[in-house]
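Accompanying notes for the structure given below.
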Protein chains: 2
Amino acid sequence: MLLLRDLPRYECLLEGARRFPELDPSACEVYLHVLRAGDEAFRSCGEPLEAHGISAGRFTVLMLLLRKRHDACGAMLTPAELADKAGVTRATMTGLIDTLERDGFVRREPDPNDRRMTPVTLTPAGEALLQGVVPAYFQRMGSLVAHLSESERRTLVTLLAKLVRGNETEDPSVTSTDGAAPAPVCPSGSLNSSVP
Amino acid sequence: MLLLRDLPRYECLLEGARRFPELDPSACEVYLHVLRAGDEAFRSCGEPLEAHGISAGRFTVLMLLLRKRHDACGAMLTPAELADKAGVTRATMTGLIDTLERDGFVRREPDPNDRRMTPVTLTPAGEALLQGVVPAYFQRMGSLVAHLSESERRTLVTLLAKLVRGNETEDPSVTSTDGAAPAPVCPSGSLNSSVP
DNA sequence: GGCTGATGGTTAGCCTCCTAACGTTATCGA
DNA sequence: TCGATAACGTTAGGAGGCTAACCATCAGCC
């Protein structure tokens, strides 16, 4: 991910708005800060993972498998399910599983009932890796927001959720000047990932 | 960028905290929302760029060059300066400039005074591309935060800035248990990119 | 039973990002 | 004056994203 490291000052945005009448300075400021904070959070919490020789994408896959295992039911997920939960394409998930299997952290086990599927399961090595890296990961997450009070955290979460939600329902703006969007097809209702 | 598309509910975080004592549920919730919002903003504002056949990275380079041009002084920047302002490595910037030059949007012109440098300048084609894409880009930025009031925007910016700032000065935590960090070497004072 | 369509996983090719190393050029001190 | 140091830009190799296309398999429906 790449971005502007040095955010322009508000006066510069005002000045830019003179050249670009579409520029809303306060909107731009929010946008830049959201991007900057997301990048900062991603990098910061990624450090303990890299220190243990694992990337954020691989870590996400392992955590999803671990969560599934603790759900008591069959401790496996198909690549398609993993891709959906992680928010990447199936092709990307194939690559992630490839390297994870190469390194011995997961195992593909063909499903005898439906031979199209190849569910993935966590190996003991994968679980051990998680046990080693998860504490540092969560600690870093805590120090990331250590300077925010509980009420500030609630406010921040509320505002970010509002931003994301408002943008989701607005998304069919690709077909602009067209009014009457057919239906907000956003796949909501998928927040029940870890409850059976 | 890859992430969890379906954020776990707060009860799930509380339940996860039982298995991982290091997990601070409110910190984790902030972290996930910051990441999710950053991803949403990035994708959303990236759409108009992709529609014009340009990626976010290339767009950033062109905008930096345009801003420099409007600063009246010499309208060129070296790859190292561009990399620094954009927050990527010099190697990455080389690749970006390669494709931009291949497509005719920028031009490398060796510096006669210091033959190590190869300043980059915006071509008329590059400027025309920006003229075509910038309005849609800023409009999308505005609709991204359209649901937030002015005071909500200010609050959000304040909280995100506090998070980033607090994390920057905390960053030498790699050498933890070591106390008395020598000096917060964060390259602050670099926010004056567009004022001579 | 045998098409047809939908679904699951993989492959191929491209782009962007990184680190590490290299060659070239300036600069500066002995 | 000349070698050491530092800075600039590039290259090589790897990882992680994406889209588009491809087979294999299942489910339905004549």
Side-chain angles (χ1 to χ4, degrees), chain A residues 1-5 35 38-39 42-43 46-47 49-62 76-103 105-120, chain B residues 1-5 35 38-39 42-43 46-47 49-62 76-103 105-120:
Chain A
M1 184 167 179
L2 146 153
L3 278 170
L4 289 179
R5 169 150 300 157
L35 245 50
D39 189 56
F42 184 74
R43 287 181 201 267
E47 280 175 14
L49 305 183
E50 312 277 342
H52 282 74
I54 192 173
S55 76
R58 299 226 272 259
F59 178 72
T60 301
V61 174
L62 295 182
M76 19 185 49
L77 287 166
T78 67
E81 288 169 328
L82 285 168
D84 188 50
K85 289 180 190 299
V88 298
T89 63
R90 295 193 312 248
T92 297
M93 189 52 63
T94 294
L96 286 172
I97 296 172
D98 280 347
T99 64
L100 284 170
E101 189 173 33
R102 180 199 63 192
D103 296 345
F105 298 135
V106 305
R107 194 165 37 230
R108 286 182 169 101
E109 300 190 4
D111 184 334
N113 294 32
D114 188 336
R115 304 224 307 273
R116 288 174 304 182
M117 302 190 189
T118 316
V120 177
Chain B
M1 185 167 177
L2 147 153
L3 279 169
L4 289 180
R5 170 150 297 158
L35 244 51
D39 188 55
F42 185 73
R43 287 181 200 267
E47 281 175 14
L49 305 183
E50 312 277 343
H52 282 74
I54 193 173
S55 75
R58 300 224 271 260
F59 178 73
T60 300
V61 174
L62 294 183
M76 21 185 49
L77 289 166
T78 67
E81 289 169 327
L82 285 169
D84 189 49
K85 288 181 190 297
V88 298
T89 63
R90 294 191 315 242
T92 298
M93 189 51 64
T94 293
L96 286 172
I97 295 172
D98 280 347
T99 65
L100 283 171
E101 189 172 34
R102 179 199 61 191
D103 296 345
F105 299 134
V106 304
R107 194 165 37 230
R108 287 181 167 100
E109 300 190 5
D111 183 336
N113 294 31
D114 189 336
R115 302 224 308 274
R116 289 174 301 181
M117 304 190 190
T118 314
V120 177

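Computation of the quantities below employed the complete heavy-atom set of this structure, encompassing side-chain atoms and omitting hydrogens, waters and symmetry-equivalent molecules. So you know, we letter chains A, B, ... as the sequences are listed, proteins then strands, and number each from 1.
- Per the geometry, CD belonging to B:E47 stands 14 Å off P belonging to D:dC18, to the nearest Å.
- Regarding contacts with the backbone of C:dT16, a side-chain N or O of B:R58 is found under 4.0 angstrom from either OP1 or OP2.
- The interatomic distance linking A:L100 (CG) with D:dA15 (C1') rounds to 12 Å, in whole Å.
- Two residues, A:R102 and A:T89, neighbour DNA chain D, and the one matched to the more 5' nucleotide by heavy-atom proximity is A:R102.
- Taking atom CZ on B:R90 and atom P on C:dT19, their separation rounds to 11 Å, with Å as the unit.
- To the nearest 0.5 Å, atoms CE (A:M76) and CG (A:D111) are separated by 8.5 Å.
- At the phosphate of D:dG9, neither OP1 nor OP2 sits under 4.0 Å from any side-chain N or O atom of B:T94.
- For the pair B:S55 and C:dC15, the criterion of a side-chain N or O lying under 4.0 Å from OP1 or OP2 is not met.
- In terms of phosphate contacts, B:T78 brings no side-chain nitrogen or oxygen within less than 4.0 Å of OP1 or OP2 of D:dC8.
- Note: B:M93 CE to B:E81 CD = 11.0 Å, rounded to the nearest 0.5 Å.
- Taking 4.5 Å as the limit, every side-chain heavy atom of B:V120 sits out of range of all side-chain heavy atoms of B:V61.
- Among the atoms of the strands shown, only primed sugar atoms or phosphate atoms (P, OP1, OP2) are found under 4.0 Å from some heavy atom of A:N113.
- We find that CE of A:M117 is positioned 9 Å from C1' of D:dC26, with the value rounded to whole Å.
- Here the P atom of nucleotide C:dT19 and the CD atom of A:E50 are 10 Å apart, to the nearest Å.
- Residue contacts shown for A:T118 are limited to sugar-phosphate atoms, with no base heavy atom under 4.0 Å away.
- Put simply, CZ on A:R108 is 9 Å from P on C:dG9, counting in whole angstrom units.
- Between the side chain of A:R116 and the base of C:dT7, at least one donor-acceptor pair of N or O atoms lies under 3.5 Å.
- Here the nucleotide nearest the side chain of A:A80, chosen from D:dG16, C:dG9, D:dG9, is C:dG9.
- Between the CE atom of B:M93 and the P atom of D:dA7 there is a distance of 19 Å, rounded to whole Å.
- At least one side-chain heavy atom of B:I97 sits less than 4.5 Å from a side-chain heavy atom of B:L82.
- Between the P atom of C:dC15 and the CD1 atom of B:I97 lies a distance of 17 Å, rounded to the nearest Å.
- Contact annotation for A:R115: backbone-only contact, meaning every heavy-atom pair under 4.0 Å involves sugar-phosphate atoms and none involves a base.
- Residues A:D98 and A:R102 are not paired through a salt bridge, judged by the lack of any N-O separation under 4.0 Å between the basic side chain and the carboxylate.
- Comparing B:E81 and A:G95 along DNA chain D, the residue whose closest nucleotide (by nearest heavy atom) sits nearer the 5' end is B:E81.
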